[in-house]
Each structure stands twice: as structure tokens, then as C-alpha cells.
2 protein chains.
Amino acid sequence: MHSTDHAAPTIVDVARAAGVSKSLVSLAIRGDAGVSEATRTRILAVADTLGYRSNVLARGLARGRTQVLGVLVSDLSNPYHSDVVAGIEARAEGAGLGTVIGHGQGDPAVLAARLDQMLDLGVDGVIVVSAMLPAEALDTAAARRPVVMVGRPFEQPRRVSVVRNHDERGAALAVAHLQDLGHHGIVHLASSHRAAASARRLAYGEAMTRAGLPSTTLWVDEGGVETLIAGAVGSAGPTACFAGNDRTAAALLHDALDAGLDVPAAFSIVGYDDAQIARQVRPGLTTVAQPREAIGREAARLLLARIDGDKDTVEVTLEPSLTVRGTTAAPC
Amino acid sequence: MHSTDHAAPTIVDVARAAGVSKSLVSLAIRGDAGVSEATRTRILAVADTLGYRSNVLARGLARGRTQVLGVLVSDLSNPYHSDVVAGIEARAEGAGLGTVIGHGQGDPAVLAARLDQMLDLGVDGVIVVSAMLPAEALDTAAARRPVVMVGRPFEQPRRVSVVRNHDERGAALAVAHLQDLGHHGIVHLASSHRAAASARRLAYGEAMTRAGLPSTTLWVDEGGVETLIAGAVGSAGPTACFAGNDRTAAALLHDALDAGLDVPAAFSIVGYDDAQIARQVRPGLTTVAQPREAIGREAARLLLARIDGDKDTVEVTLEPSLTVRGTTAAPC
DNA sequence: CAACGCTACTGGAACGCTCCAGACGGGTCT
DNA sequence: AGACCCGTCTGGAGCGTTCCAGTAGCGTTG
């Protein structure tokens with residue numbers, strides 16, 4: 001650390017080497033219009049040969065902006081999250097901003113701590129991709145910087161924009177697919193009371209009612225899987241299930257196969273999310289896919305608008321789509 | 001943005017409110033010894049009621065340290081990475097440092113860009129959890145800040161510490177397990193020429209030789225899976241396979257079952273990594289597990305030492321262990 | 001009791017940048 | 001010709017810290 005760069009070159013070094021003032025270097029580098037073309041190229045050339053890199057800390061301090069977005073995720077290993085992050089990064093990069101990620105390890109307290117830390121670091125805004133961040137942490141963050149939330153539909157109005165997939169439409173898509181195949185006895189398998197899960201559950205009920213069919217919701221933690229399989233084995237039981245998410249659907253598939261139930265010939269299953277697991281189980285899981293990258297891009301777009309002074313907080317819902325694989329077929 | 005906090009309180013606000021100089025506030029907050037107990041508690045109380053938060057940007061500028069570590073990963077959705085990150089975060093938090101993550105999306109160019117960006121943001125050091133970062137990007141980063149590399153064993157010496165799992169020992173573990181069960185015809189299935197994969201392949205060969213058995217390596221992209229299964233179906237063929245990683249093992253398992261081969265009764269399979277997929281396939285995959293959290297903690301420990309002035313770069317290897325699930329049994 | 005050494009505290013420079021008010025020439029307009 | 005403007009460039013203040021060289025107050029000591 002001694003024989004190499006004695007110190008990173010600063011704007012002053014560039015100015016001296018180019019024979020201009022530091023202010024002009026600053027303007028040239030930021031592409032200000034009031035710099036003649038000749039001097040700009042000269043300054044940039046000098047900066048380049050000196051290996052000058054703008055100090056983000058100093059810029060952030062002086063300007064109040066760091067040109068970096070923060071993304072808070074609760075579970076890195078969830079591919080849903082990484083796809084959303086990819087969308088965010090693509091959009092941010094297009095606008096010349098960098099991105100850092102904070103990882104909450106599925107723990108609300110850690111999540112809140114990471115959020116504070118990213119804000120302390122000076123990010124210009126934050127996108128929260130996690131349903132488990134405490135509401136008050138979200139509020140205090142929103143008071144400091146623009147915040148966009150991905151995935152959680154909000155009850156009360158907050159100073160936060162929201163981007164989410166249209167769970168209601170997704171559930172309707174799943175039910176319609178099963179009905180098109182000829183199923184009547186379609187049960188919903190729920191595993192959570194969280195907002196997205198509830199939206200799917202309610203939309204399932206409405207879709208069934210609209211079709212003039214009775215709706216039944218079973219809960220995983222009340223032995224719903226066993227009940228469902230026991231019923232499906234009998235000839236009068238349900239012939240299909242719409243599960244609230246892919247993990248639940250995969251567990252159901254596993255147990256159904258173990259019970260000797262033929263999927264999809266004797267029993268069809270639809271999941272939600274198009275998670276990695278949907279491609280890994282056999283047969284592949286038919287599932288409702290969220291437009292994950294698009295969600296990320298939209299979230300970044302909203303955040304950038306807020307950073308640029310837009311006051312309005314909005315809620316955007318994007319359309320899910322159905323991915324048909326091997327767990328659905330006409331009932332026999 | 002106007003009616004709320006007109007501006008975040010600074011150290012000067014705290015000083016004024018407490019009736020002391022800003023220098024003293026700075027010392028008190030950082031826990032300097034030369035502050036009397038009485039004034040320290042008073043200052044901290046004032047800071048607290050004012051909601052003062054130290055400005056990381058200003059501190060970083062003045063001090064040259066931000067108390068934040070950067071972690072560069074190439075693939076967020078790989079659970080190996082998230083476990084390592086968890087270990088890093090645990091250790092960093094214990095030392096009072098924060099952590100930000102840069103995500104390379106599996107693209108070397110993006111990876112290098114994120115690395116630069118994190119360094120620009122002023123992180124005190126970086127842990128690289130990715131085998132695909134270009135060597136020159138690693139070198140320029142190492143010239144700027146301390147860097148610790150996870151997982152890639154290095155050929156030539158660099159200004160970088162390395163933490164990795166002991167691939168040689170892991171391969172030996174897998175082979176020993178199969179030999180203990182009574183297997184003699186054990187084939188290695190390789191899918192990559194990367195360093196870790198090569199180490200495992202060579203160690204497999206040595207372990208077989210040591211046991212006086214012939215070693216055979218088949219390559220996935222040369223039709224190795226088909227060759228292997230064709231051989232295993234016959235009665236004189238191999239009875240077991242050690243695959244270079246879990247993804248390869250899972251693919252082999254899939255095709256073997258499709259070919260009517262009974263796993264593990266007629267054919268045993270061992271993978272490497274204990275990836276998520278090892279738990280999701282049926283039967284569950286016997287595999288060599290890396291001590292992922294420990295790797296992360298160790299990497300953070302080394303980085304913190306480097307940040308505190310330690311000049312030496314070291315290479316640490318941690319012991320893998322064997323996780324026995326359902327794809328291994330005695331040959332029939 | 002002057003000299004000394006502590007402990008507790010202070011003021012200003014420095015970190016590298018942005019922003020603002022203005023300077024300096026050389027047109028253009030009247 | 002004087003007033004004015006416009007494009008280009010400059011110097012200094014300021015962002016919120018840390019760090020360094022002091023200073024004041026006070027008890028010890030020879």
C-alpha cells in the first residue's frame with residue numbers, strides 16, 4: 001500500500017495536470033454543457049491517463065446524492081428475488097446508477113438493521129423486496145428516502161410506492177385453466193395468511209363462485225394435504241388442486257405420488273410463482289408465473305422518478321401468466 | 001420532504017444542544033477514553049433525543065474508512081452463496097461492520113463493474129464469492145483495498161487471501177464412502193474444467209489408485225451420462241458414480257431412473273456441494289457438504305485482519321463432510 | 001510557589017467534491 | 001461607442017466528519 005499509488009488521484013490532480021481549475025474538471029466530468037468541446041476532451045484524456053475515479057463519498061457529501069440504489073431482500077436464495085433484482089439492476093444501470101443489495105436473512109430485525117445501514121451509506125432510494133419488513137421500519141425509512149415496495153399490497157396508505165403481480169388475476173388464470181380441462185372439484189390449498197396468499201385465496205373463491213362451483217379451502221397446517229389426498233383417492237373427491245405457492249404444490253405432489261395417486265391422470269395440481277422447484281419436480285409443475293424481471297424494472301422506474309422529485313406514491317400491478325407443465329390434464 | 005425533518009441533525013446540532021464542541025461530541029460518540037463519564041452520557045442522551053445518526057459519507061471522507069464490507073457474488077440464487085454470505089455477515093456484525101452485496105448476474109463484465117462500484121462507494125474491503133471474476137479485475141481491486149477470495153484456489157500468488165473447502169479431502173470422502181459400502185466399479189462424472197472440479201477429479205483418481213482400483217472419468221459434454229447408464233445396466237458395468245457436483249448428480253439420477261435403473265439398490269450416486277437440489281430429488285442425494293457458513297466467517301475474519309493492517313495473504317482450506325441420503329447403498 | 005503533568009475539552013484544518021457568484025474576453029445591438 | 005450579453009472559465013464556501021495541536025483547570029511535587 002506504499003509502493004503503489006501513493007494516493008488515488010483527485011480532481012485537483014487532474015486540474016493541475018490539465019492546467020485548469022478543479023471546478024472545470026468537475027463540470028467536464030459530469031458532462032456539463034458550459035464546457036467547450038476542446039477542453040472537455042482534453043480534461044477527460046488527462047483524467048483517464050491519471051486513472052482518476054470520482055470519489056463517491058465526497059460527491060455524496062457535497063451533493064446529497066450518491067447515484068446508488070439500495071435493494072433490500074429477505075432471502076437471497078429465493079430465485080424470485082434474484083430475478084427481481086436483475087430487473088432492478090438493468091433499469092438502474094440504464095439510468096447510470098449503481099445498485100447494492102442488503103440481505104435480511106429472513107429475519108425482520110436483521111432486515112430493518114440492513115435497511116438503516118444502507119440509508120446511512122447514502123443510497124438515493126431503496127427498493128424493498130420482502131414481505132416481512134416491519135411496517136414501522138418501512139415508515140421511518142420512507143421518511144428518510146424514497147422507498148418502493150415489491151410484492152406487498154398495502155392496507156393503509158403509506159409514503160411508499162408498491163409494485164406487485166396481480167394475484168387476483170393469477171388465481172383466476174389457474175382456476176380457468178383447470179376448468180377448461182374439465183375439472184369441477186377444484187380445491188384450494190393454502191399455507192399462509194400473508195397478504196399475497198390471501199388475495200390468491202379470495203380470488204380462487206370468486207372464480208369458483210362465478211363458475212357456479214363450490215369452493216373449498218384447505219390449510220396445510222391443519223392437515224390439509226392429508227385430507228386432500230384422502231379425498232382425491234376416493235372416486236367422488238376433488239380432481240384438482242390450486243395451491244397458494246409452488247412449495248406447497250411440490251409438497252402436495254410429493255405426497256400424492258407417495259399415496260399412489262397418478263398425477264396428472266387422476267389428479268391435477270397448479271402452483272404459483274414459477275419457482276425453481278417447479279422445474280425440478282417430476283412431473284414439472286404447472287404454475288402461475290409472475291413477471292419478475294418486469295416487476296424489478298418497474299420498481300426501479302418508480303424509484304428513479306421519486307428520486308427525481310416525483311411526489312406521488314403509486315401502486316402498480318403487473319399481469320401474471322400461466323406456465324403449463326406436467327401436473328395438469330383433463331380428469332379421467 | 002419539507003414539513004418533516006428540515007435536515008438530519010448533524011454533530012454540530014448535538015454539540016450546540018449539549019453545550020460542548022463538535023470535537024467532543026465526535027469523541028463521545030466513538031467512545032474515546034478521554035471523555036468524562038458525565039459528559040459522555042449527557043452527550044449521548046442529547047444525540048438520542050435529537051435522533052442523530054452519524055453520516056457515513058462524511059466519516060468515510062474524513063477517515064478513509066466506512067465500516068462497511070462489500071461482498072461480490074456471481075449468482076444470488078445459488079444457495080451456496082447465500083450461506084456463505086450469512087457467515088460473512090455474522091462475523092462482520094460481530095465486529096461492528098455492515099455489509100453490502102454486489103450481484104454479478106453470472107456475467108464477468110457485470111461482476112467487474114459491481115466490484116468497482118462497491119470500491120467507489122468506499123467499502124473497507126471486499127470478499128469475492130465467485131469463480132468467474134476476471135483475474136485482472138481481481139488484481140486491480142486488490143491494489144485498491146484488501147480482497148479475500150472464496151472458493152477459487154490460485155495458481156500464481158496474488159495479493160489476495162483465499163478461503164476454500166478442501167476439495168481433495170471431499171472427493172476422498174465420497175470415494176471412501178462408496179468403497180466402505182462394497183463398491184469397486186466407481187466412475188467419476190465430470191462436467192467442468194474449473195479449478196475446484198479438477199481438484200475433485202484428480203483426488204478421485206488418487207483415492208481409487210490408493211485402493212488398487214481402476215479409475216474412469218466420464219465427461220458430461222461427451223455423452224458421459226449415456227455411456228455410464230448404458231454400462232451400469234449391464235451386469236459387468238460400474239455400480240456407483242461420484243459426480244463432480246450436485247447438479248450433475250441430479251441429472252444422472254434423473255436419467256438413471258428413467259432408464260429403469262434402481263437407485264440405490266442397483267446403482268449408487270454421490271454428489272458434491274449439498275446444494276438445495278440434493279434435498280429435492282427423490283431419493284435424496286448423498287453428497288459432500290462444504291462448511292459454507294464457516295467459510296464465510298473465515299473469509300470475513302481474514303478480511304478484517306487485512307483491514308486492520310495485516311499484510312499477509314493466506315490460503316485457508318476448511319474440511320468438508322459427507323451427508324448420506326438415499327442414493328447410496330451396498331451393491332447387490 | 002513555580003514548575004509540572006494530567007484530564008477534559010476546544011478550534012481549525014483537512015478529506016474530495018459541488019455549487020454559486022462572479023471574471024474575462026469578444027461579439028451584437030442600438 | 002457604450003451597454004449588454006453570452007460562452008467559458010475560476011476561486012472560495014460548504015457538505016459532516018475526523019484529526020491534530022493546543023488550552024484551561026487543577027492537583028502534585030521539589
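Sequence lines set the chain letters: A, B, ... in the order given, protein chains first and strands last, and positions in each chain run from 1.
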Distance-only criterion, 3.5 Å: show the donor-acceptor pairs between side-chain atoms of residues 96-106 of chain B and protein atoms not counting sequence neighbours.
unit_1 : atom_1 : unit_2 : atom_2 : d
B/H103 : NE2    : B/Q105 : N      : 3.4
B/Q105 : NE2    : A/E89  : OE1    : 2.5

| query | Between B/I11 and A/G19, which has a closest nucleotide on DNA chain D that is more 5'? | reply | A/G19
Please list, pair by pair, any protein nitrogen or oxygen found under 3.5 Å from a nitrogen or oxygen in nucleotides 11-15 of chain C.
unit_1 : atom_1 : unit_2 : atom_2 : d
C/dG11 : N7     : B/S23  : OG     : 3.1
C/dG11 : O6     : B/S23  : OG     : 2.6
C/dG12 : N7     : B/K22  : NZ     : 3.2
C/dG12 : O6     : B/K22  : NZ     : 2.8
C/dG12 : O6     : B/S23  : OG     : 3.3
C/dC15 : O2     : B/A62  : N      : 3.4

| task | Hey, could you give me the CG/CG distance between A/D75 and A/D107, rounded to the nearest 0.5 Å? | result | 12.0 Å
| Exceeds 12 heavy-atom contacts within 6.0 angstrom, atom CD of B/E93 | no
| Between D/dC15 (C1') and A/L57 (CG): distance, integer Å | 12 Å
| task | Mind listing the closest non-hydrogen atom pair of B/Q117 and A/V68 along with its distance? | result | NE2-CG1, 4.3 Å
| Strand contacts (DNA chain C) in residues 114-126 of chain A, 4.0 angstrom heavy-atom criterion | none
| task | Work out which heavy atom in B/T66 is nearest to a heavy atom in B/G60; give both atom names and the distance. | result | CG2-CA, 4.0 Å
| query | Checking all strands, does A/V20 fall into the base, sugar-phosphate, or nothing category for heavy-atom contacts under 4.0 angstrom? | reply | sugar-phosphate
| Any salt bridge between A/E315 and A/R164, counting N to O under 4.0 Å? | yes
Expected rows: protein N/O vs nucleotides 21-25 of chain D N/O, under 3.5 Å:
none

| message | Rounding to an integer number of Å, can you tell me how far B/L50 CG sits from D/dG16 P? | response | 14 Å
| message | Working to the nearest 0.5 angstrom, can you tell me the gap between B/R16 CZ and B/D13 CG? | response | 5.5 Å
| field | Nearest atoms (heavy-atom pairs only) where B/A17 meets B/L50 | value | CB-CD2, 4.3 Å
| query | Should B/R306 and B/D124 count as an ion pair when the cut-off is N to O under 4.0 Å? | reply | no
| query | Tell me, which of residues 24-49 of chain B have any heavy atom that sits under 4.0 Å from an atom in DNA chain D? | reply | B/S26, B/R30
| task | Compare every heavy atom of B/S161 with every heavy atom of B/L302, then report the nearest pair and how far apart it is. | result | CD1-CB, 4.2 Å
| Would you find more than 12 non-hydrogen atoms of other residues, nucleotides or ligands less than 6.0 Å from A/R194 atom CZ? | no
| said: Which residue is it: A/M149, A/R144, A/M118, A/R145? I am looking for the one with a side-chain contact (heavy atoms from CB on, under 4.5 Å) to A/V126. | reply: A/M118
| Five-pair end axes of the helix from C/dC1-D/dG30 to C/dT30-D/dA1 and the angle they enclose, rounded to 10° | 60°
| Heavy-atom pair of closest approach, residues B/Y52 and B/T10 | CE1-C, 3.6 Å
| Nearest heavy-atom pair of A/L318 and A/P291: which atoms, and what distance? | CB-CG, 3.8 Å
| query | Is the closest basic N to carboxylate O distance between B/R91 and B/E293 below 4.0 Å? | reply | no
